[in-house]
Amino acid sequence: MHKDAPVGVFDSGLGGLTVVREIIRQLPEENIVYFGDTARVPYGSKSQSTVIHYTEQILRFLYTKEVKAIVVACNTVSAYALEEVKAGVPVPIIGVVKPGARVAAHATVNGRVGVIGTEATVNSGLYSSYIMELAPDVKVFSRACPLFVPLAEEGLWKDPVTTEIAARYLADLKAADIDTLILGCTHYPLLRSTIREVMGNSVNLVNPAYETAVELRRTLEHFDLMRETGLEQKQPSYSFYVSDDPERFRRFASGVLKAEIPAAEKIAIEEY
Ligand code: DGL
């Protein structure tokens, strides 16, 4: 496998760009190919068999780009499909749930951790099981927050409507006296300041993207796949693919990545 080959990152749509942002911050030399399944989002309310089917198609697409490793940026895919498909994947593949659970298990002081995510992620119970494997005494409280995804995509990152909905969703977690809250969905880091306002300063907010990028570095080092730029200072290349309107994607991506990004290309994912 070539060290210059790109890292493939995929998500059900736009939200996985929060993971790309973190990978670029921590591994600025790596080339990235991103696929966002913008035509079929959301995955969070779909069945496990559908999410697995979509995941297999996306993996086949990423293989055509000769990726050297794959990051499943989507919490729903990480929770519903990763374990099921990973044995057949010919390159290293990591998800976001295990890294996020690891950080939370180590961060909690009072042993009470909250998890918010899509219905699928919460129903899978995977965050809870990973946390309990690492720290059996920790109590985990989970809550699905389905409206957070459209609110984030509408750009209502800091808005009274978002604050009101967050207050309702998070009331039980506040009452449960958690000291650590996992933002277990790609979009939720965009609502961080609203979630912070509602939960208060004493609750530690965990963005799994950070630890996922750390794990990606460890994985690339382990397989001797880190890109070497050396003296040539080769600029990394970023390519974006979507299954629906590329222009909407570009606008959102420029906001999340705080940079002008190359035009995304629309592909027919159902043909893979
Ligand atoms: N990317 C999904 C996740 O992280 C959120 C959007 C969706 O439901 O597809 O779970």
Side-chain angles (χ1 to χ4, degrees), residues 8-23 34-59 62 70-85 93-101 103-104 114-128 130 142-157 162 165-166 169 181-192 195 205-213 240-244 248-249 252-253 256-257 269:
V9 182
F10 75 93
D11 179 46
S12 55
L14 310 168
L17 291 166
T18 59
V19 179
V20 170
R21 180 171 70 184
E22 199 53 45
I23 295 173
Y34 180 90
F35 174 74
D37 200 356
T38 48
R40 302 190 293 196
V41 68
Y43 284 11
S45 49
K46 297 207 166 61
S47 68
Q48 184 169 19
S49 58
T50 298
V51 174
I52 291 173
H53 173 60
Y54 289 173
T55 302
E56 286 168 338
Q57 288 179 322
I58 297 168
L59 291 172
L62 290 176
I70 295 175
V71 176
V72 180
C74 181
N75 286 259
T76 301
V77 173
S78 301
Y80 255 6
L82 182 53
E83 284 305 313
E84 282 68 14
V85 302
I93 181 166
I94 61 172
V96 285
V97 171
K98 220 177 218 173
V103 176
V115 179
I116 51 176
T118 63
E119 275 171 54
T121 299
V122 167
N123 289 343
S124 78
L126 202 65
Y127 270 111
S128 313
Y130 282 147
S142 307
R143 176 75 159 96
C145 303
L147 290 174
F148 279 178
V149 168
L151 288 167
E153 293 205 356
E154 283 301 314
L156 300 172
W157 300 355
T162 310
I165 291 169
Y169 277 154
L181 177 62
I182 301 177
L183 308 181
C185 172
T186 46
H187 291 62
Y188 300 179
L190 300 172
L191 307 181
R192 189 184 186 100
I195 296 170
L205 302 182
V206 173
N207 175 4
Y210 175 83
E211 189 65 15
T212 302
F240 298 91
Y241 297 87
V242 287
S243 49
D244 202 356
R248 181 164 187 267
F249 178 85
F252 190 88
V256 174
L257 300 177
I269 193 66

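Counting begins at 1 with the first residue of the sequence. Each ligand, and each atom within it, is numbered from 1 in the order the structure gives.
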Element-labelled atoms of ligand 1 that are located less than 4.0 Å from some non-hydrogen atom of Thr118: 5 (C), 8 (O), 10 (O)

Look only at interatomic distance and state if His187 has a nitrogen or oxygen under 3.5 Å from any nitrogen or oxygen of ligand 1. no

Could you find the nearest protein heavy atom to atom 5 (C) of ligand 1 and give me its residue, atom name and distance? Cys185 SG, 3.5 Å

Compute the minimum heavy-atom distance from Gly13 to ligand 1 and say whether it is under 4.0 Å. no

Assign the ring pair Phe148 / Tyr169 to parallel, tilted or perpendicular, where the plane angle (0 to 90°) is split at 30° and 60°. perpendicular

Would you give the length of the straight line joining atom CZ of Arg40 to atom OG1 of Thr50, rounded to the nearest 0.5 angstrom? 9.5 Å

Just need the protein heavy atom nearest to atom 10 (O) of ligand 1, so name the residue and atom and give the distance. Thr76 OG1, 2.6 Å

What atoms in ligand 1 come closer than 4.0 Å to a heavy atom of Asp11? 1 (N)

Within the structure provided, determine whether Ser142 and Tyr127 are in side-chain contact (heavy-atom separation under 4.5 Å). no

Would you mind listing which atoms of ligand 1 come within a distance below 4.0 Å of any non-hydrogen atom of Gly44? 7 (C), 8 (O), 9 (O)

Heavy atoms, side chains only, cut-off 4.5 Å: are Val72 and Phe10 in contact? yes

A student checking ligand 1 against Ser12 at a 4.0 Å heavy-atom cut-off should list atoms 1 (N), 2 (C), 6 (C), 7 (C), 9 (O)

Taking only heavy atoms of Val41, which atoms of ligand 1 are found under 4.0 Å from at least one of them? 9 (O)

Using side-chain heavy atoms (C-beta onward) and a distance below 4.5 Å, is Phe249 in contact with Leu14? yes

Give me the atom names and distance for the closest heavy-atom approach of Val41 to Lys46. C-NZ, 4.3 Å

Fit a plane to each ring of Phe252 and Trp157, take the angle between them on a 0 to 90° scale, and name the class: parallel (under 30°), tilted (30 to 60°) or perpendicular (over 60°). perpendicular

Do ligand 1 and Asn75 have nitrogen or oxygen atoms that lie under 3.5 Å from each other? yes

